[in-house]
Structures are given as structure tokens and as C-alpha cells.
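Would you mind keeping the following structure in view while I ask a few things?
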Amino acid sequence: MVRVRIAPSPTGIPHIGNTRTALFNYLFAKHNKGKFILRIEDTDRKRIVQGAQEAIVEILDFLGIPPDETYIQSERMDEYKKHAKILLDKKLAYEKEGAVWMKIPENQIFSWTDLVGNKSISFKSQDVEDFVIIKSDGFPTYHLASVVDDHLMNISHIIRGDEWISSTPKHLLLYKSFSWTPPFFAHLPVILGKDKKKLSKRDGAESVLDYGNEGYLRDALLNFMVLLGWNPGGDKEIMSMEEMIRLFELKDIGTVAPIFDLQKLTWMNGEYVRMMDNKKLKASLLEFYSQDKDVTDFLKGDPKTLDLILDLAKTRMKTLKEFKDLVLPKIPELSEEERGIAKTLLKKLLVIKNWNKTTILSAMKEVLAMHKAKGSVLYKIITGFEKGLPLPESLEIAGKEKVIEMLKRLAI
RNA sequence: GCCGCCAUCGUCUAGUGGUCUAGGACAUCACCUUCUCAAGGUGGAGAUCGCGGGUUCGACUCCCGCUGGCGGUACCA
């Protein structure tokens, strides 16, 4: 039975790296019909951050990768104390300055086969130092608490960041001291920023929640993250959660620290926007703009009209954030010349009898020819931006009356 | 410093001794389309597979060294 866990400490908001680790654990669990466990490691009382625990849960929820079981280490103190005593009694640990320390035996080799890259890693005991297992405040350190819990919770595979590699010999010693069989280990390379340094605020948003607030879609985020250090082979890139679960295997995890490339995420998000049907897109937009009455009012307008507009907008937005400027015009600041063009446009549109995109387009072309102007001028006049949804279509949708009225106000 | 991990286009990667004059995707450039901007289509440029030694009839693929990057070296996780 596969049982995996993520063990975040509530000392801050999880960043993309931690979140990807959670995703990989989730996919591995589901691929093997196993369990995905969340264990809050709140043993460092000094560094606990208010709201961090809630943020962890919120992120898993946002991504749709909820844990099957949840544990909190501060509620399991008895276990850690009990197990520390066993080590003390066996004389494998000792007390010093109010803390309990694990003694590293001499002339030993600690080695394991890491499932990332399927290679053997080993450390000599002379390179490992005695370490604290119970701090003087009575709380266990990560080393003791995680080993005890992983064993008690029947964790089969530990999939975690590779900053843990050099701690693994300590964990191996603990397993041996308790006469427990250690689980399998898979250490994931960290995700780096553009500068090849650890991902930081400079690289943009910090947590997936921030990306969500920037108008990135859950499915795109998931798809992009899974490809950071994992590849099922072949050229397939766009994958649904079901496909990821079906294809996910530890042997396909890369050994190289990937760099987070926002441009590719943005492209992929655009792909997902275009793949969505209008009903789903509308729902996503409604959620994203829930605080913006102008946009939600627009979205709640005539469904048929909205449908047409969504079709036009889909190929022009990479993130949901770009939707507003696409559909809600702003008042343009026109030069004298542009005002003249606006007047001509008004005149030409006014005489159209059969108001549709074809007649509107030919009117537009006449105006452009008369003024020897580029099409972008008309977009500036009507939308306030030099580009936008195709005018013939959107003016047809808006209706002659509304368009004329608006142009009159501008041209005066 | 010591210990460990890693090393293919700018980026994500395919590649497990010969099929590689190294494939795909993002980004980039050109063209097509065109009322603007996109989307889409076609094509181009872009990697002497970090460097140096081996092993082999033959190395991107195996071994060693070097260099570089990253991580660890806490009564933090």
C-alpha cells in the first residue's frame, strides 16, 4: 500500500517548490491507488506564523489535491517523548544541556537508493555530527518527529525536496536504532528562478495563490508545475489531472533543478483559456472578478451576447486579468486629427441601413482610406486602446444605437 | 573549508552505445492571414550535448578528473 506525505512547517506561505512537491506526492499516491497525507510539522514553536497552516490547506484546496488524512505534530508529543526515551534507554542517545542528542556511531556508512535518478547515495558517519532529537523546550526536532511519524503512519515513500539529502543519514540511523525498515526515498531537485538562484519574490509571485490572483487558471498551474522536473517521455505537454495521474512515475522525475519560466506558464494558461467552453470560462471570470462590479455586471448581461464576446475574447487573453480591458472600453484622449477621424466614422456609420459586421467593416475601410490611417486608430477611438476585439463584430453586437450615441459624445 | 547533488538550444525537455548531420515545446525572427491585436498556418535561426582524459570498432549516452551551479554543514524545517 502506497502512503505518502507532505510535511510542511507552518512557518510561512508555501512557495512553488513546496507546492510542486505536494503535487508530485499527490500524483504518486493516486497513480498507485494509495493515500496522500498532510502532516503539519509545527515543532519549531518560535517560528510559527499565524495563518500559515490555513494557507497550506487553502493551497491544496485551490489546486484540487486535498489530503486523505491530516495530522498535527504538536498533538503527538507523547509519541516523540516515548521514542526518545527508548533511545536513551538503549544508550544510543544522551542528554546534554537540557536536550537529547543522538550519538553517531563510528565507522559506519549510511546509504540508500534514491528513486530520483535511481542512484545510490552514501555518507560516512564521520561526516555526520551528533544531532538533537528533543530540544530543551521539550519539543522534538524534525529528525525525530518525522521518522517516528513516518513509521507510525506507515509511510511507504518519502518524496521531498533535495535539501533533505544531507539529513537522510540521520534519519537512516534513527530507523536502524528503532529496528524499523526505512521507507523509500525520492529527493526532488529544487526549482530555481531566472537567475538560477532559489526562487524568490523577484521572480514574481510567491505562492500559487498569488498566481491565481494574477489570473492564472488552476489547471494550467497544475499542468505547468508538473512539467517542472517531470516528463512522461515523448512530446505530450498539455495534460489533464487524470492523465497526469495515469502517467506519473517516479522514474520519470528529472535530476536537474529546473528554472521557473513565467513565459511558458503564460502561454500554457492561454492554451487553457482557449480550450475552455464559454460556460466554464464565464464561471472562472465571475470568480476571478468577484470584487469588480463593472465586470460581473457585464458578465451577467444577455447570455447570447456574452457568448459571442467570449468567442472573440478567448484567443486574445492569456490570463483572466486581461479580460477587463478587452471588453470594457475606457474614454480615449484624442488628438485633433483623431477627433476628425471619429467624426467621419460617425458620419459613415450613421448612414448604414443594414447594421451588420460586413456593412460596418466597409464603412470602417472607407474612413481609413479617406484619412490614410491605420486600423488601430479606430480601435483607439472606440475602445480607448489601440487594439482590441474585432470592431465589426463587436459593434454589430453592441447595436447601432449604442455605438452612435457613444461616438456623438466623443466627436463633439 | 568539509560533505553531497547536478550539468543537452536563452528556458522546459526527448534521448539510456550505432536510428543524432541531436527531436519537441516556450520565447525569438520572417512570411501567410488581416480593420487593430491576438489566435492559427508555414518556414528560419538557435546546443561543437560544461571542459579534459579514458573504455569501446563506435559515445550525448559508461568510467575518472576538473570546472561551474545548487544544497547541507542549527536545540530551523
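Order of the sequence lines fixes the chain letters, A, B, ..., with proteins taken first and strands second; residue numbering starts at 1 for each chain. What you are looking at is a predicted structure, and each value in this text was computed from that prediction instead of being measured.
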Checklist entry - Salt bridge check: are A:Arg39 and A:Glu69 linked by an N-O gap of less than 4.0 Å? => result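 No, no charged N to carboxylate O under 4.0 Å.
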Item to check | 5′-ward residue of the pair A:Gly229/A:Thr43 relative to RNA chain B | outcome: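 This one resolves to A:Gly229.
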Item to check | Complementary nucleotide for B:rC5 - Watson-Crick or wobble, under 3.5 Å | outcome: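 Matched B:rC5 with B:rG69 under the 3.5 Å cut-off.
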Next on the checklist: Using the P atom as the point on both nucleotides, what is the distance between B:rA74 and B:rC3, in whole Å?
Outcome noted: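 Between the two P atoms, the distance is 16 Å.
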Item to check | Strand-adjacent residues in residues 236-244 of chain A, judged by heavy atoms under 4.0 Å from RNA chain B | outcome: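 Contacts with RNA chain B under 4.0 Å: A:Glu237.
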Next on the checklist: At less than 4.0 Å, is any side-chain N or O atom of A:Lys46 found next to OP1 or OP2 of B:rC76? Yes or no.
Outcome noted: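 For B:rC76, OP1 or OP2 has a side-chain N or O of A:Lys46 closer than 4.0 Å.
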Checklist entry - What is the nucleic acid contact for A:Ser146, judged by heavy atoms within less than 4.0 Å: base, sugar-phosphate only, or nothing? => result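 The residue A:Ser146 makes no contact with any strand.
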Checklist entry - Any ion pair linking A:Glu79 and A:Lys82 (charged N to carboxylate O, less than 4.0 Å)? => result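 Yes, A:Lys82 and A:Glu79 are salt-bridged.
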Checklist entry - So what does A:Leu265 touch, heavy atoms closer than 4.0 Å: a base, only the sugar-phosphate, or nothing? => result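 Since no nucleic acid heavy atom lies under 4.0 Å of A:Leu265, the category is nothing.
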Next on the checklist: At 4.0 Å (heavy atoms only), tell me whether A:Phe123 reaches a base, stays on the sugar-phosphate, or touches nothing.
Outcome noted: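 Sugar-phosphate contact only.
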Item to check | Distance, C1' atom - from B:rU36 to B:rG50, rounded to whole angstrom | outcome: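 Pairwise C1' distance, B:rG50 against B:rU36, rounds to 46 Å.
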Item to check | P atoms of B:rA77 and B:rU67, separation to the nearest Å | outcome: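 Here B:rA77 and B:rU67 have their P atoms 35 Å from each other.
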Checklist entry - Hey, does the Lys NZ or Arg CZ of A:Lys30 hover above the aromatic six-ring of A:Phe36, less than 6.0 Å from the centre and inside 45° of the axis? => result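 Not flagged: A:Lys30 not positioned over aromatic ring of A:Phe36.
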Item to check | Nearest-Å distance for atom pair CD/P, residues A:Glu163 and B:rC6 | outcome: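 Roughly 15 Å, once rounded to whole Å.
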Item to check | A:Lys347 bridged to A:Glu366 by N-O distance under 4.0 Å | outcome: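 No, A:Lys347 and A:Glu366 are not salt-bridged.
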Checklist entry - Which value, in whole Å, describes the distance between the P atoms of nucleotides B:rU48 and B:rC29? => result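 That atom pair is separated by 23 Å.
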Checklist entry - Can you find a heavy atom in the side chain of A:Thr181 that is under 4.5 Å from one in the side chain of A:Tyr175? => result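 In short, these two side chains do not touch, never coming nearer than 4.5 Å.
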Item to check | Set of side-chain contact (heavy atoms from CB on, under 4.5 Å) partners for A:Glu249, sequence neighbours left out | outcome: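 Only A:His31, A:Lys251, A:Asp252 meet the side-chain contact (heavy atoms from CB on, under 4.5 Å) criterion with A:Glu249.
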Checklist entry - Which residue pairs pass the salt bridge (Lys or Arg N to Asp or Glu O under 4.0 Å) test with at least one member in residues 378-398 of chain A, sequence neighbours excluded? => result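 Of all non-adjacent pairs touching residues 378-398 of chain A, those that pass salt bridge (Lys or Arg N to Asp or Glu O under 4.0 Å) are A:Glu338-A:Lys380.
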Item to check | Note: A:Asp127-A:Lys124 ion pair, threshold 4.0 Å (strictly below) | outcome: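 No salt bridge links A:Asp127 with A:Lys124.
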Checklist entry - Looking just at side-chain N and O atoms, do A:Tyr289 and A:Asp294 make a donor-acceptor pair shorter than 3.5 Å? => result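 Checked: A:Tyr289/A:Asp294 side chains show no N/O donor-acceptor pair below 3.5 Å.
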Next on the checklist: I want to confirm an ordering. Mapping A:Asp42 and A:Glu129 to their closest nucleotides on RNA chain B, which one lands closer to the 5' end?
Outcome noted: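 Here A:Glu129 is the residue nearer the 5' end.
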Next on the checklist: Please give the distance between the P atoms of B:rU42 and B:rU55 as a whole number of Å.
Outcome noted: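 Here B:rU42 and B:rU55 have their P atoms 48 Å from each other.
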Item to check | Pairing partner of B:rA77 (Watson-Crick or G-U wobble, both distances under 3.5 Å) | outcome: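 For B:rA77, the partner nucleotide comes out as none, under the 3.5 Å rule.
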Next on the checklist: Across nucleotides 34-47 of chain B, 5' to 3', mark each nucleotide with B, S or - according to how protein heavy atoms within less than 4.0 Å reach it.
Outcome noted: -BBBBSS-------
Next on the checklist: Could you tell me how far B:rC49 sits from B:rA7 if I compare only their C1' atoms? Round to whole Å.
Outcome noted: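 The same atom, C1', in both gives a distance of 10 Å.
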Item to check | Pairwise P distance for B:rA27 and B:rG41, with rounding to whole Å | outcome: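 Each nucleotide's P atom is 12 Å from the other's.
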Next on the checklist: Please classify the nucleic acid contact of A:Thr255 as base, sugar-phosphate, or nothing, using heavy-atom distances under 4.0 Å.
Outcome noted: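 Since only primed, P, OP1 and OP2 atoms lie under 4.0 Å of A:Thr255, the category is sugar-phosphate.
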Item to check | Separation between the C1' atoms of B:rG52 and B:rU16, rounded to whole Å | outcome: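 That atom pair is separated by 23 Å.
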Next on the checklist: What residues from residues 96-119 of chain A pass a heavy-atom cutoff of under 4.0 Å to RNA chain B?
Outcome noted: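 Output list: A:Glu97, A:Ala99, A:Trp101, A:Lys119.
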Checklist entry - Rounded to whole angstrom units, what separation is found between the CG atom of A:Asn269 and the P atom of B:rC26? => result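 So the two atoms are 15 Å apart, to the nearest Å.
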Checklist entry - So among A:Phe260, A:Tyr211, A:Trp230, which one has a ring pair (Phe, Tyr, Trp, His ring centres under 6.0 Å) with A:Phe224? => result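 Testing A:Phe224 for a ring pair (Phe, Tyr, Trp, His ring centres under 6.0 Å) against A:Phe260, A:Tyr211, A:Trp230 leaves exactly one candidate, A:Phe260.
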Checklist entry - Which base, if any, makes a Watson-Crick or G-U wobble pair with B:rC31, both distances under 3.5 Å? => result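 Across any shown strand, B:rC31 pairs with B:rG41.
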Item to check | Contact list for residues 141-163 of chain A, test ring-ring contact (aromatic ring centres under 6.0 Å, His included), sequence neighbours left out | outcome: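 Listed once each, the pairs are A:Phe28-A:His157, A:Phe131-A:His143, A:Tyr142-A:Trp164, A:Tyr142-A:His171, A:His143-A:His171, A:His151-A:Trp180, A:His157-A:Phe184.
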Checklist entry - What heavy-atom pair brings A:Pro329 and A:Ile382 nearest, and what distance separates the two atoms? => result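 Smallest heavy-atom distance, with atoms named: CB-O, 3.7 Å.
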Next on the checklist: Looking at A:Phe24, I'd like to know if the NZ or CZ of A:Arg20 sits under 6.0 Å from its six-membered ring centre while staying within 45 degrees of the ring's axis.
Outcome noted: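 Ring-cation test returns yes.
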Checklist entry - Between A:Ile191 (CD1) and B:rU11 (P), how many Å, whole number? => result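 Those two atoms, CD1 and P, are 16 Å apart.
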